[in-house]
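First up is the structure itself, then whatever we jot down about it.
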Amino acid sequence: MANTAHIPTSNSALIAMIADEDTVVGFLLAGVGNVDLRRKANYLIVDSKTTDKQIEDAFKEFTTRTDIAIVLISQYVANMIRFLVDSYNKPIPAILEIPSKNHPYDPAHDSILSRVKHLFNAESVASTRH
């Protein structure tokens, strides 16, 4: 149990969002939004004016905050910072790539799915050796 991740239980864990306006607004209407006492939001709306640096900074902030359990990121936004998403290897917060209204989901670019496929391929190779 030494490798299990700890989710804070004193407060509820949050879901963070990095996505286009329509996607973020939809999740905000569902109750995902939060602004803490320092006026820090748990979402970033990405538009044509958003720089890669702003996306990188938000990703780094959300993945280091202890009150966030899941980071939802639009797949096309994740592709902008693919090197960060692919190098992230902690279980919490979990990174989930989601489709957006104008950009369909492509399983070939999903880092989690590729890790799972790699894991199952390694297990199948190991099981055939026995």
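This structure is a prediction, so every number in the text was calculated from the model and none was measured.
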Open item on the list: Rounded to the nearest 0.5 Å, what separates atom OG in Ser74 from atom CE in Met80?
Closed with: 9.0 Å

Open item on the list: Using a 6.0 Å cut-off, check whether atom CD of Glu56 has over 12 heavy atoms from anything other than its own residue.
Closed with: yes

TODO: List the atom of Ile68, the atom of Pro93, and the distance in Å for their closest heavy-atom pair.
DONE: O-CB, 3.4 Å

Open item on the list: Applying a strict under-4.5 Å side-chain criterion to I, L, V, M, F, W and Y, I'd like to know whether Phe83 and Ile18 cluster together.
Closed with: yes

TODO: For Lys60, check salt bridge (Lys or Arg N to Asp or Glu O under 4.0 Å) against everything at least two apart and list the hits.
DONE: none

Task: Shortest non-hydrogen contact between Phe62 and Ala41, atoms and distance - done: CE2-O, 3.5 Å

Task: Tyr43 atom OH, over 12 foreign heavy atoms within 6.0 Å - done: no

TODO: Specify the closest pair of heavy atoms between Val46 and Thr50, including all atoms of both residues, with the distance to one decimal.
DONE: CA-OG1, 3.5 Å

Task: Connected via hydrophobic side-chain network under 4.5 Å: Leu29 and Val24 - done: no

Task: Minimum heavy-atom distance Ala19-Val77, with the two atoms named - done: CA-CG2, 4.4 Å

Open item on the list: Let me check something: do Ile15 and Ile45 share a hydrophobic cluster, defined by ILVMFWY side-chain heavy atoms less than 4.5 Å apart, either directly or through other members?
Closed with: yes

- [ ] Search all heavy atoms of Arg65 against all heavy atoms of Leu14 and return the closest pair with its distance.
- [x] NH2-CD1, 3.8 Å

Open item on the list: Tell me the closest heavy-atom pair linking Phe59 and Leu84, and the distance in Å.
Closed with: CE2-O, 3.9 Å

Open item on the list: Using the rule given for side-chain contact (heavy atoms from CB on, under 4.5 Å), can you reason through Leu44 versus Glu61, listing the C-alpha separation, both sets of side-chain angles and the distance that settles it, and then say yes or no?
Closed with: CA-CA 11 Å; Leu44 173 69; Glu61 177 189 344; over 6 Å; no

Open item on the list: Could you measure the distance from the CE atom of Met17 to the CG atom of Leu96? Nearest 0.5 Å is fine.
Closed with: 10.5 Å

Task: From CA spacing to verdict: salt bridge (charged side-chain N to carboxylate O under 4.0 Å, His left out), Arg82, Asp86 - done: CA-CA 6 Å; Arg82 179 58 58 196; Asp86 287 346; 3.5 Å; yes

Open item on the list: Quick check on the hydrophobic clustering: are Ile98 and Leu28 connected, directly or via other members, by side-chain heavy-atom contacts under 4.5 Å?
Closed with: yes

- [ ] Please confirm whether the backbone N or O of Val32 pairs with a side-chain atom of Asn42, one donor and one acceptor, at under 3.5 Å?
- [x] yes

Open item on the list: List the residues meeting salt bridge (Lys or Arg N to Asp or Glu O under 4.0 Å) with Asp52, not counting sequence neighbours, and say none if there are none.
Closed with: none

Open item on the list: Hydrophobic cluster membership, with links at side-chain heavy-atom distances under 4.5 Å among I/L/V/M/F/W/Y: are Ile73 and Tyr88 in one?
Closed with: yes

- [ ] Side-chain contact test, heavy atoms from C-beta onward, threshold under 4.5 Å: evaluate it for Asp20 versus Tyr76 and give yes or no.
- [x] yes

- [ ] Ignoring hydrogens and angles, tell me if any N or O in the side chain of Thr51 forms a donor-acceptor pair with the backbone of Gln54 under 3.5 Å.
- [x] yes

